[in-house]
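In what follows, chains carry the letters A, B, and so on, assigned in the order in which the sequence lines appear, proteins first and then strands, with residues in each chain numbered from 1.
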There are 2 protein chains.
Amino acid sequence: MSWRKEQRRAERGYHHGNLKEALLQAALGLIAEKGAAGFTFADAARMAGVSAAAPYRHFRDRDELLSSIAQRGFEQFESRLTAAWDDGRPDTVTAFERVGRAYLAFAREEPAFYNAMFESGLPVDANPALQAASERAFNIIRAAAERLAALAPPGMPRPPAMMMALHIWSMSHGVASLFSRGDAARRKLPMSPDELLEAEVLIYLRGLGFPTDRRPAGKGAEPPPVPPEASSGSGMPPGGAPAGPWGKPK
Amino acid sequence: MSWRKEQRRAERGYHHGNLKEALLQAALGLIAEKGAAGFTFADAARMAGVSAAAPYRHFRDRDELLSSIAQRGFEQFESRLTAAWDDGRPDTVTAFERVGRAYLAFAREEPAFYNAMFESGLPVDANPALQAASERAFNIIRAAAERLAALAPPGMPRPPAMMMALHIWSMSHGVASLFSRGDAARRKLPMSPDELLEAEVLIYLRGLGFPTDRRPAGKGAEPPPVPPEASSGSGMPPGGAPAGPWGKPK
DNA sequence: AGCTCATGTAAAAGTCGTTCACATGAGCTG
DNA sequence: CAGCTCATGTGAACGACTTTTACATGAGCT
């Protein structure tokens, strides 16, 4: 009957030794499969080979496990965005777009994290640590927007960086939640989510008066060679599009 | 002890008479309060004054109740967007912005519907009826984008309407989910979600080459008086902003 | 009046989340 | 090394929820 459990026990002894981490990993897998709503504390325990009560030695309750995952998610998110931004190299606009792609790549490649962070209904603002982590991630976008705003062409009024950051965030989040994940991803789109977001951001930047065919006007020359991209997306048009940010205008 | 239940029974007899509707209403209230994840089939039954098994005479399971709500949500959403669009009156750009505000207003005023539709993890594309309803709602945005695209100024290449529609949708959804609801709404923003979205859309449209200080160039004159707005938002700047779509540039 | 079937009920099985008293054994202390 | 301690894990139990099943009720038709 229960020789399976006995065997498990035999293999690892009464004490698991690394249960907290095992639970986090198990939960991550389960959330990726069935979403944060479908994920079960008992399931995670089973998967780790311990009783249903064991997890309570490491997490106050199910929500705390979820929060821990969201926390980690925000940290990884931040580090990904930081890498993508790469302090604005080789030029601000290019780096800025790379951040947008990194956002989508994260949502696509780490569905469990993204789910826990943004789609689990978890009250982020009720948890100071979580809120701080979320803030830190957002600050990357904010910093990038700041740099971009500083490049505003002479004729145009300088847009508020905070507003730009919020706009970019909402575009990224909107594209990610609507088109880049789950079932809505199956909707037949005229272009990939990556291209959709890139076009959206480019049009937006142009609306602010930024030249959008790479390498903005101001400032001294920056190192021209493009470093290896962190995420290998679906491939973007290499040069600047002559007509518009989207493909051929029919 | 259970005279309460007996009394209920006495008031309405063995048969409820309108249980399906009562359950939908109860669920709507519960979802608005605690989110789709927290909503419970048993709770809805209790609220309607029937046993926990009764709902199964009207819905295959909990998910079907949720789907029904989402379905209704999409229908109301569609009719709201339709009203806001008002076939492009008094002019295309004004009507277009009204659609954006209607999107936010719906998310704010009908949190239960919005939650069921977009945040419940419900597999919309697995349910043909739901998918169709969602499609119909999106088609309003699509139609509006189509009309807008047709107004593209002579110099600019005509943007694909479908792409524009997807962009607008993602902006609206992004702003709504990030800033216009739940806990994230508490984040201290430099402007209201409505203003944020309006600025975002205006900048975007300007990026496409549209004149954004009301009343676009082309076409014959349309009736000038602005009809009463469907949603009384937080108040927009009345005329065209001289500097930019956002407020004063510092 | 009597039938029938949609609609409601109680009871029961299975799952979860959570708590509690108790078991185990890793690591320290003498 | 004996013994102690405390972090970590167990099993049993409670209440809530979902869903199924057999049975009850009564509204509407004949």
Side-chain angles (χ1 to χ4, degrees), chain A residues 1-27 30-31 33-69 116 120-122, chain B residues 1-27 29-31 33-69 120-122:
Chain A
M1 294 323 180
S2 69
W3 65 275
R4 234 184 161 343
K5 190 184 282 183
E6 298 308 328
Q7 179 170 352
R8 271 262 180 71
R9 190 94 51 88
E11 280 169 5
R12 58 140 243 255
Y14 190 91
H15 289 286
H16 184 289
N18 199 16
L19 185 52
K20 186 163 190 172
E21 193 53 35
L23 287 172
L24 286 167
Q25 291 305 324
L30 289 171
I31 294 174
E33 269 183 50
K34 310 184 291 184
F39 143 75
T40 252
F41 218 26
D43 248 347
R46 234 182 324 260
M47 192 157 301
V50 297
S51 76
Y56 289 85
R57 295 295 174 197
H58 300 277
F59 302 95
R60 198 179 338 84
D61 55 20
R62 184 178 169 283
D63 265 16
E64 195 179 281
L65 211 198
L66 223 52
S67 296
S68 296
I69 290 191
S120 65
L122 192 133
Chain B
M1 292 338 151
S2 68
W3 64 275
R4 237 192 157 337
K5 190 184 282 183
E6 297 309 327
Q7 179 170 351
R8 271 260 178 71
R9 190 94 51 89
E11 281 170 5
R12 60 140 243 257
Y14 190 92
H15 289 286
H16 183 289
N18 199 15
L19 185 51
K20 187 163 190 173
E21 194 53 37
L23 287 172
L24 285 167
Q25 291 306 324
L30 290 171
I31 294 175
E33 270 183 49
K34 311 184 290 185
F39 143 75
T40 252
F41 217 26
D43 247 348
R46 233 184 323 265
M47 191 156 303
V50 297
S51 76
Y56 289 86
R57 294 296 175 196
H58 300 277
F59 301 96
R60 199 178 338 81
D61 55 21
R62 184 178 169 286
D63 265 16
E64 195 180 280
L65 211 198
L66 223 54
S67 298
S68 295
I69 290 190
S120 65
L122 190 134

To the nearest angstrom, how far is B:Leu65 atom CG from D:dT18 atom P?
11 Å
Once you round it to whole Å, what is the distance between P of C:dC16 and CG of A:Leu66?
16 Å
Go through the structure and list residues passing ring-ring contact (aromatic ring centres under 6.0 Å, His included) with A:Phe59, not counting sequence neighbours.
none
Grab the CD-P distance between A:Glu64 and C:dT19 for me, whole Å please.
12 Å
Among C:dT9, C:dT19, D:dT18, the nucleotide that comes nearest once only the side chain of B:Tyr56 is considered
D:dT18
Of A:Arg60 and B:Ala54, the one whose closest DNA chain C nucleotide lies more 5':
B:Ala54
First locate atom CE of A:Met47, then atom CG of A:Leu23, and finally report the distance between them rounded to the nearest 0.5 Å.
10.5 Å
Output for pair (A:Leu19 CG, A:Arg57 CZ), nearest 0.5 Å, gives 11.5 Å
From CZ of B:Phe59 over to C1' of C:dT7, roughly how many Å is that when rounded to an integer?
14 Å
Can you tell me if A:Ser120 uses its side chain to pair, donor with acceptor, with the backbone of A:Leu122 under 3.5 Å?
yes
For a quick test of reading the model, state the closest non-hydrogen atom pair linking B:Tyr56 to B:Asp61 and the distance between them.
CE2-CA, 4.2 Å
Which listed nucleotide (D:dT18, C:dT18, C:dA11) is nearest to the side chain of B:Ala53?
C:dA11
Looking at every non-hydrogen atom in both residues, tell me the closest pair between A:Ala116 and A:Ile69 and how far apart they are.
CB-CG2, 3.8 Å
Expected output check: what is the dot-bracket annotation of DNA chain D, where ( ) and [ ] are pairs inside the strand (brackets for crossing ones), | is paired with another strand, and pairs are Watson-Crick or G-U under 3.5 Å?
||||||||||||||||||||||||||||||
Among residues 33-43 of chain B, which ones have heavy-atom contacts with DNA chain D below 4.0 Å?
B:Thr40, B:Phe41, B:Ala42
Check: protein-nucleotides 23-26 of chain C nitrogen or oxygen pairs below 3.5 Å:
unit_1, atom_1, unit_2, atom_2, d
C:dA23, N3, A:Tyr14, OH, 3.2
C:dT24, O2, A:His15, NE2, 3.1

Between A:Asp61 and B:Ala52, just flag the one whose closest nucleotide in DNA chain C comes earlier from the 5' side.
B:Ala52
Which nucleotide wins on minimum distance to the side chain of B:Ser51, given the candidates D:dT10, C:dT18, C:dT9?
C:dT9
Among residues at least two apart in sequence or on other chains, which ones pass side chain to side chain donor-acceptor pair (under 3.5 Å) with B:Glu64?
B:Arg60
On the nucleotide C:dG8, are OP1 or OP2 found under 4.0 Å from the side-chain N or O atoms that B:His58 carries?
yes
Taking the side chain as everything from C-beta on, heavy atoms only, tell me whether A:Arg62 gets closer than 4.5 Å to A:Phe39.
yes
Kindly state which residues belonging to residues 18-25 of chain A come within less than 4.0 angstrom of DNA chain C, counting heavy atoms of the residue only, listed by number.
none
Per A:Arg46 side chain, nearest of listed nucleotides C:dT18, C:dC16, D:dT10:
C:dC16
Drop me the distance from B:His58's NE2 to B:Ser68's OG, to the nearest 0.5 angstrom.
12.0 Å
Where is the tightest heavy-atom contact between A:Asp43 and A:Thr40, given as atom of each residue plus distance?
N-CG2, 2.7 Å
Atom pair OG/CZ of B:Ser51 and B:Arg46 - distance to nearest 0.5 Å
11.0 Å
State, yes or no, whether a side-chain contact exists between B:Leu65 and B:Pro55 at a heavy-atom distance under 4.5 Å.
no
